[in-house]
Asks: 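One structure, pasted below without further comment.
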Amino acid sequence: MIELSSGALSWLAAGLFLLILGVLIRFRGWLFLLAGYDESSSVPDDVVQVIAGNTVLRVSIAALVVGVLMSVMNPPSYLDLLVGIVIILDMLRMIYRLNTWSPQAA
């Protein structure tokens with residue numbers, strides 16, 4: 001049986017929780033789960049659903065990968081910081097994409 005450290009367990013739990021939220025946002029359209037989301041914005045709900053849902057799913061996969069790595073090996077001490085920076089960059093990418101979205105010419 002694999003002994004999970006508290007760090008690995010917390011990354012796996014966070015990854016699983018975010019995976020569930022990402023699926024609900026991306027595939028079920030539960031946009032009320034997004035903090036500060038305003039339905040009167042100029043970006044259509046389906047665009048927000050895809051962009052935000054994919055971002056949450058990417059972050060959840062990253063957290064699950066870190067949890068698995070922590071459970072099978074002894075990762076470097078800077079891994080938490082590196083993953084945190086990647087998550088922040090992904091969130092900034094999502095904010096940029098939502099703020100610069102424009103309708104495509106048909």
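Since the model is a prediction, treat every value here as computed from it, not as a measurement.
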Asks: Does some side-chain heavy atom of Asn54 sit less than 4.5 Å from a side-chain heavy atom of Arg26?
Replies: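 Side chain of Arg26 against side chain of Asn54, heavy atoms only: contact under 4.5 Å found.
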Asks: With a 4.5 Å limit on heavy-atom distance, are the side chains of Met91 and Val59 in contact?
Replies: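 Met91 reaches Val59 side chain to side chain.
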Asks: Provide the closest heavy-atom pair for Gly15 versus Ala63 in the form atom of the first, atom of the second, distance.
Replies: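 Closest approach of Gly15 to Ala63: CA-CB, 3.7 Å.
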Asks: Determine whether Val43 and Val50 fall in the same hydrophobic cluster, where Ile, Leu, Val, Met, Phe, Trp and Tyr are linked whenever their side-chain heavy atoms lie under 4.5 Å apart.
Replies: no
Asks: Just how far is it from atom CE of Met70 to atom OG of Ser10, taken to the nearest 0.5 Å?
Replies: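 The distance works out to 7.0 Å.
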Asks: Using side chain to side chain contact (heavy atoms under 4.5 Å, CB included) as the criterion, list what pairs up with Val86, not counting sequence neighbours.
Replies: none
Asks: Using the side-chain contact (heavy atoms from CB on, under 4.5 Å) rule, take Phe27 and Leu57 through it: C-alpha gap first, then chi angles, then the decisive distance, then the call.
Replies: CA-CA 11 Å; Phe27 299 108; Leu57 287 173; 4.1 Å; yes
Asks: How about Phe32: does its CZ atom have over 12 heavy atoms from other parts shown lying under 6.0 Å from it?
Replies: yes
Asks: Between atom CD1 of Ile87 and atom CG of Leu82, what is the distance when rounded to the nearest 0.5 Å?
Replies: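 That separation rounds to 10.0 Å.
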Asks: Give me the atom names and distance for the closest heavy-atom approach of Leu19 to Leu64.
Replies: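 Between these two residues, the closest heavy atoms are CD2-CD1, 4.4 Å.
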Asks: Only counting residues at least two apart or in another chain, list the ones meeting side chain to side chain contact (heavy atoms under 4.5 Å, CB included) with Ile51.
Replies: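 Residues passing side chain to side chain contact (heavy atoms under 4.5 Å, CB included) with Ile51: Val47, Met94, Arg97, Leu98.
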Asks: Please list all pairs passing the side chain to side chain donor-acceptor pair (under 3.5 Å) test where one or both residues lie in residues 57-68, with sequence neighbours left out.
Replies: Thr55-Arg58, Arg58-Asp90
Asks: Should Val48 and Tyr96 be counted in the same cluster of Ile, Leu, Val, Met, Phe, Trp and Tyr side chains packed under 4.5 Å apart?
Replies: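 Looking at the clustering, Tyr96 is in a separate group from Val48.
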Asks: Per the salt bridge (charged side-chain N to carboxylate O under 4.0 Å, His left out) rule, what does the pair list look like for residues 65-79, sequence neighbours excluded?
Replies: none
Asks: Under the side chain to side chain contact (heavy atoms under 4.5 Å, CB included) rule, collect the residues that match up with Leu33, sequence neighbours excluded.
Replies: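 Applying side chain to side chain contact (heavy atoms under 4.5 Å, CB included) to Leu33 gives Leu21, Leu24, Ile25, Trp30.
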Asks: Give me each pair satisfying side chain to side chain donor-acceptor pair (under 3.5 Å) with a member in residues 75-89, each pair once, sequence neighbours excluded.
Replies: Trp11-Asp80
Asks: Can you give me the closest heavy-atom contact between Leu79 and Pro75, atom names plus distance?
Replies: CD2-CB, 3.6 Å
Asks: Are Leu18 and Ile85 in one and the same hydrophobic cluster, where Ile, Leu, Val, Met, Phe, Trp and Tyr link if side-chain heavy atoms are under 4.5 Å apart?
Replies: no
